[in-house]
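Here's the structure we're looking at; comments come further down.
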Amino acid sequence: MTATPRLAARPADEAGILAVVDDAFRDDRRDASEEIAIVRGTWAARDGASHVELVADDDGLVVAHALAAAGRIDGSPAPVAGVAPVCVAPSHQGQGLGTALMRALVSEARARPWSVLVLLGEPSFYGRVGFTPAGALGIHYAPAGRDSPHFLALALTRSGAPDHAAAPTRGTFSYCWEGG
Ligand SMILES: CC(C)(COP(=O)(O)OP(=O)(O)OC[C@H]1O[C@@H](n2cnc3c(N)ncnc32)[C@H](O)[C@@H]1OP(=O)(O)O)[C@@H](O)C(=O)NCCC(=O)NCCS
């Protein structure tokens, strides 16, 4: 594996990010418009302090992308961050890059004022980095249906007692791009 995760630079990486999202999610049956809309929506909704965005590049070309931004619980800002669809270019899949990107995202997330990461995805892939069904933490995502096995969460443990630990994290989650 030659590509390693780094923090994304804006706006320099934007075109490369949109290209890799399109490349990874497009197939014979569907385009990648839904995932591209989520990335663009997150870019539009986030603020400077409440997101993490990572890319990996190979010879100057973006080949992987991960993005997380603080969302809401029951409509109010909360220390629960939603991860946008993670992707690796088909040319670079199966080499450990997706797993490395998720590990780096979790590590960066621990430095943010967040208690939990959530996402909608394949339990067998995200389980590799510690995600388990979010329902067990009392977090639900209405579009997925209550207690969906695909809506996953990872509690972000740290040493010490961060100020945000008492903030509510249980309830119905919404991503930043879904509005208030
Ligand atoms: C899913 C994705 C991010 C994985 O990235 P990657 O760099 O290929 O993954 P890694 O090399 O780190 O890990 C590969 C492992 O993940 C598994 N895996 C890959 N895609 C998977 C998927 N969609 N569901 C479950 N497991 C998956 C592989 O079987 C492999 O398992 P193994 O090591 O036991 O053989 C990448 O394949 C991708 O971008 N896919 C298209 C976009 C997508 O579906 N993203 C969301 C995933 S829910």
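It should be emphasised that the depicted structure is a prediction, and the values quoted were computed from it without experimental measurement. Quick note: numbers below take in every heavy atom, side chains included, and nothing from hydrogens, waters or symmetry partners. For ligands, and for the atoms within them, numbers begin at 1 and follow the listed sequence. Counting from 1, the numbers follow the sequence of the chain as shown.
- There is a protein heavy atom less than 4.0 angstrom from atom 43 (C) of ligand 1.
- For atom 39 (O) of ligand 1, the closest non-hydrogen atom on the protein side is V88 N, 2.7 Å.
- Annotation: atom 21 (C) of ligand 1 to nearest protein heavy atom, F125 CB, 4.3 Å.
- The pair R128-E122 fails the salt-bridge criterion, with no side-chain N (NZ, NE, NH1 or NH2) lying under 4.0 Å from an Asp/Glu carboxylate O.
- Between V86 and ligand 1, at least one pair of N/O atoms sits closer than 3.5 Å.
- There is a protein heavy atom closer than 4.0 angstrom to atom 24 (N) of ligand 1.
- Checking atom 48 (S) of ligand 1 against the protein gives a heavy-atom contact under 4.0 Å.
- Checked against a 3.5 angstrom limit, the closest N/O atoms of F25 and ligand 1 fall outside it.
- Between R6 and D57 a salt bridge is recorded (basic side-chain N to carboxylate O distance below 4.0 Å).
- Among protein heavy atoms, the minimum distance from atom 37 (O) of ligand 1 is reached at Q93 CD, 3.3 Å.
- Taking every non-hydrogen atom of G96 and a distance limit under 4.0 Å, the qualifying atoms of ligand 1 come out as 10 (P), 11 (O), 12 (O).
- For the side chain to side chain contact (heavy atoms under 4.5 Å, CB included) test, residues two or more places apart in sequence or in another chain that qualify with A70 are S50, W114.
- Near G94, with a cut-off below 4.0 Å to any heavy atom, the atoms of ligand 1 are 6 (P), 7 (O), 8 (O), 11 (O).
- Residue, atom and distance of the protein heavy atom nearest to atom 34 (O) of ligand 1 are R128 NH1, 3.4 Å.
- Close N/O approach between G98 and ligand 1 is found [any backbone or side-chain N/O within under 3.5 Å].
- Shortest non-hydrogen contact noted between A153 and V118 is CB-CG1, 3.9 Å.
- For the pair C87 and ligand 1, the shortest N or O to N or O distance does not fall below 3.5 Å.
- Interatomic distance, L119 CG to F131 CZ, rounded to the nearest 0.5 Å: 4.5 Å.
- Those atoms of ligand 1 that come under 4.0 Å of a heavy atom in Y126, given as number and element, are 46 (C), 47 (C), 48 (S).
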